[in-house]
Structure formats: structure tokens, C-alpha cells
Amino acid sequence: MPHLNPVDALDLDSELDDDERLIRDTVAAFVRDHVSDHVAGWFESGTFPTGELAPVIGKLGLLGMHLDGYGCAGASAAAYGVACRELEAADSGLRSFVSVQGSLVMFPIHRYGSEEQKREWLPRLASGEAVGCFGLTEPDQGSDPGGMRTQAKRDGDDWILSGTKMWITNGSIADIAVVWARTEDGIRGFLVPKGTPGFTTSEIHSKLSLRASVTAELHLEDVRLPSSAVLPGVTGLRGPLSCLSEARFGILCGVVGAARTCYLSALDYSTTREQFGRPLGGFQLTQRKLAGMQVGLVHSQLLALRLSKLKDAGQLRPEHVSLGKLANVRAAIDIARDARTILGANGITTEYPVLRHANNLETVLTYEGTEEIHTLVVGESVTGLAAYR
Ligand SMILES: Cc1cc2nc3c(=O)[nH]c(=O)nc-3n(C[C@H](O)[C@H](O)[C@H](O)COP(=O)(O)OP(=O)(O)OC[C@H]3O[C@@H](n4cnc5c(N)ncnc54)[C@H](O)[C@@H]3O)c2cc1C
């Protein structure tokens with residue numbers, strides 16, 4: 001009889017408190033009831049049913065769940081991490097929806113917004129009645145957002161925004177866009193409501209990764225905004241970078257779920273599929289893969305738990321987050337790809353989750369700081385030498 005529980009071999013969830021375990025179970029039940037049977041179809045058709053899911057996710061209290069007040073749940077970082085894990089066990093697109101809304105849209109409004117902006121947007125975003133997006137990346141500026149071209153110029157009391165944002169999750173369905181633009185005082189964040197004259201979006205199709213997620217381009221042509229549209233609490237790149245640090249924490253926890261799903265799928269398959277007269281799991285080469293996947297999974301679970309505890313203690317630093325994203329996304333990709341090999345030809349279909357996750361994880365490896373950029377962050381933090389340029 002196997003003695004290790006493959007889902008949580010070190011029983012790390014026993015470190016969670018009762019509320020955190022309840023959130024874990026609630027999210028897992030939501031995924032089972034509303035997502036699991038449909039997600040492969042959404043991936044195939046390149047759709048995400050935002051209108052249907054957002055209110056349900058909002059009702060569960062998952063949108064901006066680690067923020068306080070204004071309709072937000074005020075949960076711990078550990079609870080947020082576990083929720084991301086259970087969402088991404090289904091699909092990285094689902095977790096991305098929740099990450100973008102909570103960490104990239106609600107967080108900057110909560111941290112840097114005026115009282116009026118918080119009251120206007122946070123309760124609606126928390127309930128899922130409104131959807132938000134975060135526009136930082138541009139066609140010519142990805143890893144180096146400090147070189148952005150989108151500009152905001154003063155015109156009397158108003159601001160005039162011009163530029164293009166690219167690869168924006170939820171971009172074409174968002175009611176509110178947090179757009180980062182260069183001003184003469186430095187980079188500032190602006191709240192741009194859907195329908196503002198001069199603001200248009202176009203959806204990006206033909207993705208082979210994160211297909212169950214809406215990705216769009218934002219076009220801003222002389223968009224006039226009142227002075228009340230700027231986020232008053234922050235100037236400079238630290239504004240968007242602080243949001244990304246929040247969202248990357250969700251990623252490093254979330255990918256543990258994707259890795260776990262792939263591992264469990266391969267483990268199950270290896271005990272039922274027979275070749276050469278015995279189950280695949282009975283071959284040493286398969287066991288080597290399974291044991292390696294189990295080790296990778298446990299490492300990422302430990303890292304996610306420790307970083308959650310540091311975040312709850314207010315001690316999590318951006319370098320920790322880079323270390324965690326770097327390690328856990330790489331581990332998840334390796335597990336997904338090894339799982340794919342165990343499933344053989346079946347592994348390339350959407351009937352099984354492994355290649356869908358492996359493909360999604362290519363986006364997760366790239367967005368919110370690529371593997372190379374996080375390597376450079378860790379490299380700088382251990383040597384004291386910056387190697388970005
Ligand atoms: C599906 C999807 C959703 C996304 N959602 C959002 C969103 O909601 N909002 C948003 O603002 N952005 C979003 N992004 C954009 C994402 O954050 C960027 O793609 C990412 O920052 C990388 O930028 P880039 O694609 O322009 O690559 P580039 O910056 O052009 O990099 C290309 C390659 O060069 C490497 N490289 C760059 N600089 C260096 C260096 N100094 N040293 C070594 N190697 C280097 C990179 O690591 C990478 O491998 C999304 C992307 C995808 C694919």
C-alpha cells in the first residue's frame with residue numbers, strides 16, 4: 001500500500017488554520033461544480049465565461065480577498081495562496097482572472113486610490129459585478145516597462161492619454177482599466193472606464209496558451225480624463241511593480257495546483273494503462289519520473305507555504321517573490337511535461353489536462369516577469385550586481 005499521500009505528501013495543509021482550510025475546500029468545491037467539466041471546452045474554443053463565473057467567484061469572496069474593507073474579505077495571504085492553488089488546479093486562465101482582478105486592479109485602487117475611487121470601484125469589483133484589467137505592457141516594452149511610450153499630458157485640470165497597451169488580460173471585457181502612463185513627473189496610474197471616448201480594445205486571438213482567458217490590446221487616442229482619474233498615492237515604477245509583486249505571489253502558489261493536477265493525472269494513468277503485460281507505473285523509468293514529480297511538487301508546496309507565512313508576517317520581500325515564481329513555475333512546467341510523456345499519445349489531447357496545463361504554463365513563465373528577469377532579480381540580490389543592461 002502507498003504510504004505517501006500524493007496530493008500533500010508532507011501534510012503541509014495541516015499548517016493552515018481552520019478558516020484557510022475552509023476557503024481551500026470552498027474553492028475546490030466551486031471548481032468541481034462550475035469549472036472542471038467545462039474547462040477543456042473553454043480552452044478549445046478560446047473562451048472564458050466571465051459573465052457567468054465572475055458573480056459566483058465574487059459571491060465566494062475570492063476577488064480582492066486579501067484586502068480589507070469596501071466589500072473585500074480581509075483573508076490571510078495563506079488563504080489567498082491556497083485559493084489560487086485550487087483555482088489553478090483547474091486552469092491557469094481561471095487563476096489569472098482572479099489574480100488580475102484582485103492583485104492588479106483592486107490592489108492599486110485600494111493602496112493608491114482616493115477615497116472616492118475606492119468607494120466607486122472596490123465593492124463592484126469585489127462582487128464580480130465589474131471586471132478590471134491592468135495595462136502596463138506595450139508592443140515595444142515588455143520586460144522593461146520603464147521605457148513605456150504611453151503618455152499622459154495635462155490639459156487644464158484634465159489629463160490626455162495616448163498610447164497602446166498589449167497582452168492585457170480581461171482587456172476587452174473590462175469595465176475599468178488601470179493604465180500606467182508616463183507623465184512629466186514620472187509614471188502614474190489612471191483609471192480609464194470602458195466607453196471613454198478614444199479608448200478602444202481589440203481581442204488577441206490565435207493563442208496556443210492561456211486560451212481560457214481573454215487577452216486584448218488597449219488603444220488610447222487622446223483620451224480625456226478628469227483629474228480625479230489619476231491614482232493619487234503613487235508616482236514612479238514602484239506603483240506597477242508593487243502590484244506585480246502581489247500578483248506574482250498568487251502565481252507562485254497557483255502553479256502548485258497546476259503541477260498537482262498533472263502529477264495526479266499521470267499517476268492515475270500509470271496504474272491503469274498496461275504495456276508489456278504490466279502497468280506503466282511498474283516500470284522503473286516511469287517510477288523515476290513519478291518520484292521526480294513528487295519531489296518537485298513537495299518543494300513547491302514548501303516554498304508556497306513558507307512565502308505565505310512570510311507574507312502574513314509582513315516580511316515578504318520582492319526578491320522572495322522572484323525566487324518563488326522562478327522556482328515554482330519551472331517546477332510546474334517540468335512536472336506537466338513529464339506527465340505528458342507518461343500519458344503518451346493521450347497526453348496531447350484535451351481529454352486529459354496535462355498538455356493544456358503545460359501550454360498555459362508557458363504564459364505563466366513569461367508574464368509578470370519572465371524566467372530570465374526573475375533570475376536576474378535573484379542574481380542581483382545574491383551578488384549585489386545588477387545585470388539587466
Ligand atoms: C497571455 C498573456 C497575458 C498577459 N497579461 C498581461 C496583463 O494583464 N497586463 C500586462 O501589462 N501585461 C500582460 N502580459 C504581458 C507580459 O507581462 C509580458 O509578455 C512580459 O512582461 C514579457 O514581455 P515581452 O513579451 O514583451 O517579452 P520581452 O521583454 O521582449 O522579452 C523577450 C525575451 O527576452 C528576454 N529578456 C528581456 N530582457 C532581458 C535581459 N535584460 N536579460 C536577459 N533576457 C532578457 C525575456 O526574458 C524573454 O525571454 C501578458 C502576457 C501574456 C502572454
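Numbering of ligands and ligand atoms starts at 1, following listing order. The chain is numbered in sequence order, starting from 1. Remember, it's a predicted structure, so these values are computed and weren't measured experimentally.
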Give the atom numbers and elements of ligand 1 that come within less than 4.0 Å of a heavy atom of Leu210.
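Here the atoms of ligand 1 in question are 1 (C).
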Those atoms of ligand 1 less than 4.0 Å from some heavy atom in Ile168
7 (C), 8 (O), 9 (N), 10 (C), 11 (O)
Below 4.0 angstrom, N of the basic side chain to O of the carboxylate: do [X] and [Y] qualify?
X: Arg119; Y: Glu115; answer: yes
X: Arg330; Y: Glu371; answer: yes
X: Glu129; Y: Arg124; answer: yes
X: Arg21; Y: Asp25; answer: no
X: Asp338; Y: Lys289; answer: no

Any nitrogen or oxygen of [X], main chain or side chain, under 3.5 Å from a nitrogen or oxygen of ligand 1?
X: Tyr367; result: no
X: Thr370; result: yes
X: Tyr388; result: yes
X: Asp144; result: no

What verdict does the side-chain hydrogen bond (donor to acceptor under 3.5 Å, both in side chains) test give for Glu44 and Thr350, after you've listed the backbone C-alpha separation in whole Å, the side-chain angles of each residue and the deciding distance to 0.1 Å?
CA-CA 8 Å; Glu44 276 184 34; Thr350 53; 2.3 Å; yes
Given [options], which one has a non-hydrogen atom that is nearest to [atom]?
atom: atom 17 (O) of ligand 1; options: Gln141, Arg211, Glu368; answer: Glu368
atom: atom 37 (C) of ligand 1; options: Ser143, Pro240, Ser96; answer: Ser143
atom: atom 39 (C) of ligand 1; options: Ile373, Leu136, Asp140; answer: Ile373

